[in-house]
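Let me begin by presenting the structure, written as structure tokens, before commenting on it.
Start at 1 and go down the list; that is how both ligands and their atoms are numbered. Side chains included, hydrogens not; waters and symmetry mates left out as well; all remaining heavy atoms used.
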Amino acid sequence: MIIVMRPDVTEEQIQAVDDKLRALELAANISRGRERTVIGAIGDDRKIQTETLETLPGVERVIRILKPYKIVARDGHREDSTVMIGAIPMGGRAVQVIAGPCSVETPEQMDTSAAAVRAAGCRLMRGGAFKPRTSPYTFQGLGEKGLEYLVNAARKHGLPVVTELMDVRQLDTFMKYDVDVIQIGTRNMQNFDLLKEVGRVDRPVILKRGMAATITEWLMSAEYIAAGGNHRIIFCERGVRSFETAYRNMLDVTAVPVLKRETHLPVIIDPSHAGGKAWMVPALARAAIAAGADGLLVEMHPCPNEAWCDADQALTPEELMALMGELRGIARVLGRDL
Ligand code: PEP
Ligand code: MN
């Protein structure tokens, strides 16, 4: 931290800041310029709130130097991390496409979906059993039955599963069904108690960006999971709220290079919840891979117009297959495997 003192600061005020830093177990480096005195605080100051110092007499402002996140930061971990989902790498050279319906509906729907996901060449399957719906009167997901249908269908076709966890009370059930990847949805990105719990389990986590979260807030949420011991985190950008009404959310492709610079962890994009319309998905998916995303989370339904949830944005199995072909071309140009 750097503490910039006011132009009219007194020696007593400088001394008081020095004393305060010592009390906080930080060393002080006082530098007296012609116009200003600045004090450098030396040591790990992440636990200290800037207000503690900003409110002292003679202090003009306090500037943080250290990033507030540590484990997820690239600063202390220069190489890209690969998160293994069983034998499937997320990150590194590989580009992974996770596909499947928004919600689990019936065993038949799941079996057809899993077969289509597999046939398209995707290596992981998604499907929501616990759904965070805006209205309490719409389909809320099948709950535990949904996990059963999802896992049965995916296992039959050799696919690991990704599904959303909304409540810590469901965590044991997720473990019972041996869910491969826990998804934390946009609405729960800052549900800190939930983040702490998934931080304690040995399971990869896809952390979606809160719909109005800054990148720093998102990184801090990942740090919550990492601080509990679980470092297998995958960031997922899914669009943020904007003034625009022509699409569901505004896909922040810029988040990809920014996150790649800030964290060593893999970054994927969900083009489905961003565009909100199936016809937008291929363009957003291509942009995501071209921008350097490590994968995608895409909604696909065997019969989109019959989907119980997010029907507008689901690709058909044929559209998913065609999209995979296009993405393979982009991945190849970038020297990546898909
Ligand atoms: C989902 O993936 O089905 C979902 C609800 O996504 P989000 O949390 O991004 O809205
Ligand atoms: Mn959905």
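For the pair M211 and ligand 1, no heavy-atom separation below 4.0 Å is found. At least one heavy atom of R126 lies less than 4.0 angstrom from ligand 1.
Here C102 meets the criterion, with an N, O or S atom under 2.8 Å of the Mn ion (ligand 2).
A donor-acceptor pair shorter than 3.5 Å cannot be found between the side chains of E105 and Y149. For the residue pair H273 and Q313, a side-chain donor N or O sits within less than 3.5 Å of a side-chain acceptor on the partner. Between the side chains of H157 and D111, at least one donor N or O sits under 3.5 Å from an acceptor N or O.
When each of R126, R123, R155 is tested with D180 by the rule salt bridge (Lys or Arg N to Asp or Glu O under 4.0 Å), just one qualifies, namely R155.
Around atom CG of D172, no more than 12 heavy atoms belonging to other residues, nucleotides or ligands sit under 6.0 Å away. At most 12 heavy atoms of other shown residues, nucleotides or ligands fall within 6.0 angstrom of atom CZ in R61.
Between H77 and H264, the two ring planes are parallel [angle under 30°; tilted spans 30° to 60°]. The aromatic rings of F235 and W218 sit perpendicular to each other, their planes meeting at more than 60°, with 30° as the lower class boundary.
Between R238, K131, K208, it is K208 that holds the heavy atom closest to atom 6 (O) of ligand 1.
From the protein, the heavy atom lying nearest to atom 8 (O) of ligand 1 is T186 N, 2.8 Å. What sits closest to atom 5 (C) of ligand 1 on the protein, heavy atoms only, is E164 OE1, 3.7 Å. Regarding atom 4 (C) of ligand 1, its nearest protein heavy-atom neighbour is H273 NE2, 3.4 Å.
The minimum distance between the Mn ion (ligand 2) and any N, O or S atom of E299 involves atom OE2.
Annotation: angle subtended at the Mn ion (ligand 2) by D310 OD2 and H273 NE2 is 90°, to 10°.
Of all atoms in ligand 1, numbered sequentially from 1 with element shown, those under 4.0 Å from a heavy atom of E299 are 3 (O). The atoms of ligand 1 that sit less than 4.0 Å from any heavy atom of G185 are 8 (O).
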